[in-house]
Student: 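Sharing a structure with you now.
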Amino acid sequence: MAEEKKKAAPVKNTNAVKKEEKKLGFFQRIGKWFRELKSELKKVVWPTPKQLATNTGVALFVMALAAVVLWGFDELAGLVVNVIFELAG
């Protein structure tokens, strides 16, 4: 009796219906790529000139700060190496 209750439910076909896709030619694929590119570019939210200037300024500042920090570490490492060579020699 317990086995009768454990009957497996029928398996439903969950495969999506696919339409037949034929292989596109070279120029058709390029055309499709450009159409998809155009539709994706319509979705882009472009920054205003003020936002662009602000973001550019922040990026330049961060790059300059990183350059100064790396230069400082390089100078410090060079100083340490020179001290070690002077002590050894």
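The first residue of the sequence shown is numbered 1, and numbering continues consecutively from there. The structure displayed is predicted, hence computed values, not measured ones.
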Student: Using the rule that two of Ile, Leu, Val, Met, Phe, Trp, Tyr join whenever any of their side-chain heavy atoms come within less than 4.5 Å, decide whether Met63 and Val69 are in one cluster.
Tutor: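 Not linked; separate clusters.
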Student: State which residues pass side chain to side chain contact (heavy atoms under 4.5 Å, CB included) with Phe26; sequence neighbours excluded, sorted by chain then number.
Tutor: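 Residues passing side chain to side chain contact (heavy atoms under 4.5 Å, CB included) with Phe26: Arg29, Ile30.
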Student: Could you tell me the separation between the CH2 atom of Trp46 and the CG atom of Leu41, rounded to the nearest 0.5 Å?
Tutor: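 These two atoms lie 5.5 Å from each other.
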Student: Output all residues satisfying side chain to side chain contact (heavy atoms under 4.5 Å, CB included) with Gln51, sequence neighbours left out; order by chain, then residue number.
Tutor: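 Applying side chain to side chain contact (heavy atoms under 4.5 Å, CB included) to Gln51 gives Pro47, Thr48.
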Student: Treat each ILVMFWY residue as a node, draw an edge where side-chain heavy atoms are under 4.5 Å apart, and state whether Val62 and Leu52 are in one component.
Tutor: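 No, separate clusters.
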Student: Could you give the distance from CG (Leu60) to CG (Leu65), rounded to the nearest 0.5 Å?
Tutor: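 So the CG of Leu60 and the CG of Leu65 are separated by 12.5 Å.
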Student: In chain order, what residues pass the side chain to side chain contact (heavy atoms under 4.5 Å, CB included) check against Ile84, with sequence neighbours excluded?
Tutor: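 Partners of Ile84 under the side chain to side chain contact (heavy atoms under 4.5 Å, CB included) test: Val80.
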Student: Just by modelled atom types, is the Gly25 backbone N or O under 3.5 Å from a matching donor or acceptor in the Gln28 side chain?
Tutor: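 Yes; judged by distance alone, with no hydrogens or angles, the pair exists.
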Student: When clusters are formed by joining ILVMFWY residues with side-chain heavy atoms under 4.5 Å apart, either directly or through shared neighbours, do Leu79 and Phe85 land in the same one?
Tutor: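 Hydrophobic grouping puts Leu79 apart from Phe85.
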Student: Applying the 4.5 Å side-chain criterion to the ILVMFWY set and letting contacts propagate, would Leu87 and Val81 be lumped into a single cluster?
Tutor: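 No, Leu87 does not connect to Val81 through the hydrophobic network.
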Student: Among Lys38, Lys43, Glu36, which residue meets the side chain to side chain contact (heavy atoms under 4.5 Å, CB included) test with Glu40?
Tutor: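 Running side chain to side chain contact (heavy atoms under 4.5 Å, CB included) over Lys38, Lys43, Glu36 with Glu40 returns exactly one hit, Lys43.
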